[in-house]
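Just so you know, ligand 1 is whichever comes first in the structure, and atom 1 is the first atom listed for that ligand. None of these values were measured; they are calculated from a predicted model.
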Amino acid sequence: MKQLPRFLSGLVVLTLFAPSSWTQSRPLVSPEKVQEIYSRLLPEIEKIPIFDHHAHPGFPDDPDVDAMASPPGSAPLRERDSNPELVAAAKALFNYPYNDLAGEHAKWLVQKKAELKKQQGTAYFSNLLDKLNIEQGVANRAMMADYLDRKRFAWVFFADAFLWPFNNEKERARNGDEAVYIPLQEKMLRRWMEQENVKQLPAGFDEYLKFITQTLEDNQKKGGIAMKFEVAYFRSLRFGDPSSEQAEAIYKKQVAGGVPTEPEYRTFQDFVFRYLIREGGRLRLPVHIHTAVGIGDYFNISESNVMNLENVLRDPRYASTVFVLIHGGYPLEREAIWLASVKNVYMDSSLMEVVMYPAAFKDSLRQWLETFPDKITFGTDSFPYNDALGAEESYWLGVQTGRTGLAAALAEMVATGEVSEAKALAMAHAYLHDTAVSLYPGKVH
Ligand SMILES: [Zn+2]
């Protein structure tokens, strides 16, 4: 390099060293400063059209809204029908004229929704998305509903039923929740068999696997963009690695009758699960997995620990499968984000924004944004819980918490000098829309 004139080399030194001192981050900032940045960011964030990566849109009387039912259990504080935020939701979505949801007032709301449903038909849920500035959203449902506009809702189907083809009497008897869930899995498997014109379970294991593949391919042709597992509701998320011979021997024995022992069933399921995720890679069909606490009294939190999936997620055999950890491993989301260091693993924050209030959610989201901001996606987990907290209100809760929590997390990051405001808005676009959409090229926008 040629010798620079003395005054110029001084400039070079300045430009090399000055910016790093200007952008050095600091641990403390004044709340006023954060508030000021938040007020600038929030309106910009509200303008970003959302892609909702996980939701169960539907009316409360629609049995296809999920592949399973929720047993009455203890709902966390924010999901109870006593949540005063639901009044704000009703006002925002339906011009609700009252300030509480008591007695006659609640009836007004039920009636209003029924009227709109009748008037608007297939536009009912699309209009809801418009109100919340959601461009498109996932409908994770047993089957698609004809009242959901396919231009706005992309189907994510359930793949768990293939894990339950045998006599399930022992599984059902484990507790009251399984007594509800398992028959619904059996029903789902019968529906896939009907769809594929398979009258009874094939005698050969190879044909059973072919039936699985055929179902995945046909669901993809019907518009399915991903497969979803809610397997944590039934068994541990730690999957062993049995050989196909082991799985085949169990299949052949059980398909002929009898009740599998628990280790037999687990070994068979370990193999079929791995078969399904491998097919997900081959078919470019991302794999969504419920990783979080679950409803009901018997959901086993330690068995469903998201870290139990680590052996599968870090297995190079599945490098071409895209995994989305639905609900972000909550309440272990701070550990779980490190699983997104794997190039084909993504996080979804749905449920987190409904269980957590914005004040708590922004701290979790900030840690995600500071770790792998390019691997995190937004979802509402909208679901028709009850009359007061319907799919409508849970869309609203998820979106409000998502946008305000995001603005608050980013405002802190800008105020502490971690990122510029422009970078913060780019991160907001990625989280609310771009990253999720990039996982389904040509299928969603
Ligand atoms: Zn869900």
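- For Lys47, the salt bridge (Lys or Arg N to Asp or Glu O under 4.0 Å) criterion is met by Glu44, not counting sequence neighbours.
- Around the Zn ion (ligand 1), protein N, O or S atoms at a distance under 2.8 Å total 3; waters are neither shown nor counted.
- When each of Phe205, Tyr208, Tyr265, Tyr251 is checked for a ring-ring contact (aromatic ring centres under 6.0 Å, His included) with Phe271, only Phe205 meets the rule.
- The pair Lys210-Glu207 fails the salt-bridge criterion, with no side-chain N (NZ, NE, NH1 or NH2) lying under 4.0 Å from an Asp/Glu carboxylate O.
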Atom pairs and distances, side-chain donor-acceptor, residues 96-103, under 3.5 Å, sequence neighbours left out:
residue : atom : partner : partner atom : Å
Tyr96   : OH   : Asp100  : O            : 2.6
Tyr96   : OH   : His105  : O            : 3.3
Asn99   : OD1  : Lys91   : NZ           : 3.1
Asp100  : OD1  : Ala102  : N            : 3.0
Asp100  : OD1  : His105  : ND1          : 2.8

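- The cationic atom of Arg78 (NZ for Lys, CZ for Arg) lies less than 6.0 Å from the six-membered ring centre of Tyr357 and within 45° of the ring axis.
- With sequence neighbours left out, Glu333 forms a salt bridge (Lys or Arg N to Asp or Glu O under 4.0 Å) with no residue at all.
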